Structures are given as C-alpha cells and as structure tokens.
Amino acid sequence: MSGLPGGWGDGTRSVHAGDGPPEPGTPLRPSPVFAAPYHLGDLPPRAGGRDAYARTEHPTFRAFEDAVGELDGGRCLSFATGMAAISAVVLGLVSAGDRLVLPSDGYYTTRLLARDELERLGIRVEYVPTLGIADVAARGGLDGARLVVLETPSNPALDVCDVAAVARATRAAGALLAVDNTTATPLGQRPLALGADVTMAADTKALTGHSDLLLGHVSTSSDEVYDRLKGWRDHTGATPGAFDAWLGHRSMSTLDLRLARQGETAAAVAETLAAHPAVTGTRWPWRAEDPSYALAARQMLRPNGVVSAELADEAAVSRFLAATRLWAAATSFGGVHSTVDRRAQWGGDAVPGGFLRFSCGIEDTGDVVADLTAGLDAASAA
C-alpha cells in the first residue's frame, strides 16, 4: 500500500491508492499479468512470497486490492462479481444452524441466495427492513446472530440505517456486521470506520463505473476474517480475471470526478422529479426533504448519483422512455451513462409497477435534466 497522507483529497486518493514507491523505468501503473502458473524453481511453493498459481495469488489482483483496501481502510480481497463477494462473506462466515440477519428490502439477488441456497444448507435466515434494523438492535434482537448484513443506502428504495449503532449492537451480541457499500462507494461512506467488521461491494457499479466489467470486493480490518475469506476464495476459485482486475483499478482512478458530476446531476434530478406532477415518492438521501437526510448527512461523506421515484404505472414508464434520448433503459447503476430501471420487471422487490431507479451519469447536468423533463411531460400525457 502507498500509505497516502490522511489529509489528501478524494481525487488524489483515487488515483494514487495502492501505489508503491516509484521505480525509474517502470510504468506508472503495472500492466496486467496474464499468467496462471509461475516458475517455481527448486524452492518450496510460495517461498519468500513468490507467486505460484493465479487462483491463490496474482500480482494484478493485489494491485487492485491494495488500492481499494486503502480507500476502505482495511485489507481487501477481489472477486469475480459482487454476488461472489457477498456469497463469500455469507458462506465463509456462517455455518449450518447459525442465525443470519439480512435486509428485507436490500438487493434482491442476496435474498434469492438466501432462499435458494442458504436455507437449503441449514442456515437460519431472518429478514429485517433497513429502517427497522436499528430498533431491532436496540431491543437486543440481534442476540444469538452470527452475522448481520446491512445495505445502506438500500437498493432500490435508498433508505439509510445507522451503521455505528448497529455495529455496537452486533458487537455486544457477539455477531459480525457486514455492510454492502455498493451505492455509496468507499469515497461516500466508510463502514469499517463506523464499526463494521466487513465492507463489500459490487464494483461492477459505481466504483469502476463504466458498465463494461463484472467485479466485486470485500474489505475487513480483522485478520481472522480476512484469512477465513481468503481461504474461501482460494477453495472456490471466485477470483476475477486479470484484465478485469486491471481495468477496475484503472477505472477507479476517476471515481472522484465521476461521483462529483453524478452527485451534482442527482441533486437537480431529484428536485425535478419532486416538482413534477407525474411523479410521486421521490427519494434521494441528500435531499433535505428526504426522511434519511439527517442520518445520511451525518454518516455519509458525499452524495451518490442514484435517485428513485414512481410514475403512475408501467404505461407511463413506456411513454417516458419513448420521449427521452439520454435516459437509457438498463439495469445496474453507477455508470457514466444515465440510465433508468423499472424495478418491478425483475420481480423480487416489493415496488409498484411504475417505480424507477434513476442512475445519473456524467453527461452535462443541464442536458440530462432537460431530457428528463421531456420524458416526464410525455409520461403525464395519457
């Protein structure tokens, strides 16, 4: 790790996190290493920290992990996808008969994992809404749990929960706390500093931010947890490809710049949505009128680019999409393109047919807002 001074800004940290000492004649950033086996020589495998086989050690993975870990404030492991990272946390830390607490309104594939795989393995899964977890924790409702998973802001409703309060309760209950930080990113929220044992993310989304790769990671400040998850990854082979890890490392260099534009646009988009008669239920945690605003302002470090709102129904969404040129219909979020996703089409989320998740890209804010207004006007013209 480069050990950047704590006072340096987000842009500097995004570019230089994970950098080693400069060596004349070497690239500013190492090229990806495309290798599975390595020369072993006559020494024992991995002697002196040498690489032996790419499933268990790889220089391109380490470069990406050093960078992300520095932003997270912990030791990082990379994974092939965000779901591979979440699966490692759950299956690597929880055993048959253990109690696992998951958000009932978080990412729906995490709940599918629990329903289709974890319960089959004898893990006791309980679901608590994001806005209710702090109350459950305060009442001692986490006693006997092995692992508590939070997602804040939640996806897709964008509710925020008090990570520090839940962390205190999980610690008192003898449980571990893992926070899905996908929406906020390490620049927008640092769960480990708030007391969480694990922070994880689908780096496919905002961290790498160009909608062109699948990637995930887990970071922890616990050596015991790190070793357990490293063993899980080594045994299951859930590593990313070398080029994906390198591309993720390159792409996160612009995270600060992308978040700045996305946050600026999200503020304008949220106000436009809230003021339009075709829209109800606008949510963005950084909007002063949002129910999560006070907590988000205290807990989070900067805004994100994801906004949610409701149109009347599926037909209104179709009219909206037909009238826009910049808002592409696509799932995922956090990329450079502005996208909109009608969540009900996927199933799994308890949302109305007209519920939309808006992901603000890095286009000019004025253009995005003008295009949004045109779409909303068309949506209201039944």
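This one's a predicted model, so the numbers in the text were calculated from it and none came from an experiment.
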Novice: State yes or no: do V163 and L102 share one hydrophobic cluster built from I, L, V, M, F, W and Y residues joined by side-chain heavy-atom distances below 4.5 Å, directly or via other members?
Specialist: no

Novice: Grouping I, L, V, M, F, W and Y whenever their side-chain heavy atoms are under 4.5 Å apart, do V306 and V269 come out in a common cluster?
Specialist: no

Novice: Please check if the side chain of H249 supplies one atom and the backbone of A245 the other of a donor-acceptor pair under 3.5 Å.
Specialist: no

Novice: Do R287 side-chain atoms and T282 backbone N/O form a donor-acceptor pair below 3.5 Å?
Specialist: no

Novice: Would you tell me whether R357 and N155 have side-chain atoms, one donor and one acceptor, within less than 3.5 Å of each other?
Specialist: yes

Novice: List the atom pairs, donor and acceptor, that lie under 3.5 Å between side-chain atoms in residues 329-336 and the rest of the protein, sequence neighbours left out.
Specialist:
unit_1: T331; atom_1: OG1; unit_2: D341; atom_2: OD2; d: 2.9
unit_1: T331; atom_1: OG1; unit_2: R343; atom_2: NH1; d: 3.4

Novice: Any donor-acceptor pair under 3.5 Å linking the side-chain atoms of D159 with those of T130?
Specialist: no

Novice: Check for me whether the distance between the ring centres of W327 and F358 falls short of 6.0 Å.
Specialist: yes

Novice: Is there a donor-acceptor pair under 3.5 Å between the side chain of T199 and the backbone N or O of L192?
Specialist: no

Novice: So that I can tick it off, tell me whether R75 and D223 are bridged by a salt bridge, with the cut-off set at under 4.0 angstrom between side-chain N and carboxylate O.
Specialist: yes

Novice: Using side-chain heavy atoms (C-beta onward) and a distance below 4.5 Å, is P103 in contact with Y127?
Specialist: no

Novice: When you measure from the side chain of E310 to the backbone N and O of G281, does any donor-acceptor pair fall under 3.5 Å?
Specialist: no

Novice: Run R233 and E65 through salt bridge (Lys or Arg N to Asp or Glu O under 4.0 Å) and show every step you take.
Specialist: CA-CA 14 Å; R233 191 187 70 173; E65 291 164 354; 2.9 Å; yes

Novice: If you measure from the Lys or Arg side-chain nitrogens to the Asp or Glu carboxylate oxygens, is any gap between D313 and R342 under 4.0 Å?
Specialist: no

Novice: I want to check something: taking the side chain as every heavy atom from C-beta on, are L273 and L376 in contact at a cut-off of under 4.5 Å?
Specialist: yes

Novice: Show your working on side-chain contact (heavy atoms from CB on, under 4.5 Å) between T81 and L215 and close with a plain yes or no.
Specialist: CA-CA 4 Å; T81 67; L215 203 61; over 6 Å; no

Novice: Are the side chain of S338 and the backbone N or O of G361 linked by a donor-acceptor pair below 3.5 Å?
Specialist: yes

Novice: The criterion is ring pair (Phe, Tyr, Trp, His ring centres under 6.0 Å); which residues satisfy it with F61, sequence neighbours excluded?
Specialist: H58

Novice: Let me check something: do L113 and L93 share a hydrophobic cluster, defined by ILVMFWY side-chain heavy atoms less than 4.5 Å apart, either directly or through other members?
Specialist: yes

Novice: Is the count of non-hydrogen atoms from other residues, nucleotides or ligands lying under 6.0 Å from Y38 atom OH greater than 12?
Specialist: yes

Novice: Can you tell me which residue pairs pass the salt bridge (charged side-chain N to carboxylate O under 4.0 Å, His left out) test with a partner in residues 163-188, sequence neighbours excluded?
Specialist: none

Novice: Would you find a donor on one side and an acceptor on the other, under 3.5 Å apart, between the side chain of T182 and the backbone of A202?
Specialist: yes

Novice: More than 12 foreign heavy atoms under 6.0 Å from CG of L28: is that the case here?
Specialist: no

Novice: Return yes if some donor-acceptor pair links the side-chain N/O of D364 with the main-chain N/O of G366 below 3.5 Å, else return no.
Specialist: no

Novice: Following the transitive rule for hydrophobic clusters with a side-chain heavy-atom cut-off under 4.5 Å over Ile, Leu, Val, Met, Phe, Trp and Tyr, establish whether L321 and V279 coincide in one cluster.
Specialist: yes

Novice: Counting N and O atoms only, with roles assigned by atom type, does the side chain of Q299 sit under 3.5 Å from a partner on the main chain of C161, one being a donor and the other an acceptor?
Specialist: yes

Novice: Return yes if some donor-acceptor pair links the side-chain N/O of R319 with the main-chain N/O of D377 below 3.5 Å, else return no.
Specialist: no

Novice: Taking the side chain as every heavy atom from C-beta outward, state whether Q262 and L259 have any atom pair closer than 4.5 Å.
Specialist: yes

Novice: How long is the straight-line distance from CG of L311 back to NE2 of H276, given to the nearest 0.5 Å?
Specialist: 9.5 Å

Novice: Among L187, T185, L301, find the one that has a side-chain contact (heavy atoms from CB on, under 4.5 Å) with D10.
Specialist: L187

Novice: Could you go through the side-chain contact (heavy atoms from CB on, under 4.5 Å) check for I362 and H337 one step at a time?
Specialist: CA-CA 7 Å; I362 64 170; H337 297 82; over 6 Å; no

Novice: Find out whether L176 and V198 are in side-chain contact, i.e. whether some heavy atom of one side chain is under 4.5 Å from a heavy atom of the other.
Specialist: no

Novice: Say you draw a straight line from CD1 of I123 to CG of L91; how long is it, rounded to the nearest 0.5 Å?
Specialist: 5.5 Å

Novice: List the steps, then state whether salt bridge (Lys or Arg N to Asp or Glu O under 4.0 Å) holds for E70 with R13.
Specialist: CA-CA 8 Å; E70 190 154 342; R13 294 168 60 234; over 6 Å; no

Novice: Are any non-hydrogen side-chain atoms of V218 and C76 less than 4.5 angstrom apart?
Specialist: no

Novice: Can you list the steps and then say if R283 with D290 is a salt bridge (Lys or Arg N to Asp or Glu O under 4.0 Å)?
Specialist: CA-CA 6 Å; R283 295 295 309 275; D290 192 274; 2.8 Å; yes

Novice: If you measure from CG on D367 to CG on L372, what distance do you get to the nearest 0.5 Å?
Specialist: 12.5 Å

Novice: Is the shortest distance from a Lys or Arg side-chain nitrogen in K230 or D234 to a carboxylate oxygen in the other one below 4.0 Å?
Specialist: yes

Novice: At what distance, to the nearest 0.5 angstrom, does CG of L77 lie from CE of M200?
Specialist: 13.5 Å

Novice: Check salt bridge (Lys or Arg N to Asp or Glu O under 4.0 Å) between E119 and all other residues, then give those that pass, not counting sequence neighbours.
Specialist: none

Novice: Suppose we screen for salt bridge (Lys or Arg N to Asp or Glu O under 4.0 Å). Which residues come up paired with D42, at least two apart in sequence or across chains?
Specialist: none

Novice: Exactly one of R46, R50, R62 should register a side chain to side chain donor-acceptor pair (under 3.5 Å) with E57. Which one does?
Specialist: R46

Novice: Does atom CD of E289 have more than 12 heavy-atom neighbours from other groups under 6.0 Å away?
Specialist: yes

Novice: Looking just at side-chain N and O atoms, do T265 and T365 make a donor-acceptor pair shorter than 3.5 Å?
Specialist: yes

Novice: Would you indicate whether the side-chain heavy atoms of D98 and L147 approach each other to under 4.5 Å?
Specialist: no

Novice: Below 4.5 Å, heavy atoms only, C-beta onward: do D197 and S222 meet side chain to side chain?
Specialist: no

Novice: Mark yes or no for whether Q189, through its side chain, and T152, through its backbone, hold a donor-acceptor pair below 3.5 Å.
Specialist: yes

Novice: Please lay out, stage by stage, how R250 and L247 fare under the test side-chain contact (heavy atoms from CB on, under 4.5 Å).
Specialist: CA-CA 5 Å; R250 187 205 65 170; L247 190 60; 3.3 Å; yes

Novice: Measuring from atom CD1 of I133 to atom CG of D105, what distance do you get when rounded to the nearest 0.5 angstrom?
Specialist: 10.5 Å

Novice: Say you draw a straight line from OH of Y226 to OG of S219; how long is it, rounded to the nearest 0.5 Å?
Specialist: 9.5 Å

Novice: May I ask you to check whether over 12 heavy atoms, not counting those of R325, lie within 6.0 Å of atom CZ?
Specialist: no

Novice: Ring pair (Phe, Tyr, Trp, His ring centres under 6.0 Å) with F243: which residues, sequence neighbours excluded?
Specialist: W246

Novice: Are the side chains of E151 and Y107 in contact, using a 4.5 Å heavy-atom criterion?
Specialist: yes

Novice: Would V128 and I86 show up in the same hydrophobic cluster when neighbours are defined by side-chain heavy atoms closer than 4.5 Å?
Specialist: no

Novice: Before you tell me yes or no, could you show the steps for H210 and R258 under side-chain contact (heavy atoms from CB on, under 4.5 Å), namely the whole-Å CA-CA distance, both residues' side-chain angles and the distance that decides it to 0.1 Å?
Specialist: CA-CA 10 Å; H210 290 78; R258 290 185 279 107; 3.7 Å; yes

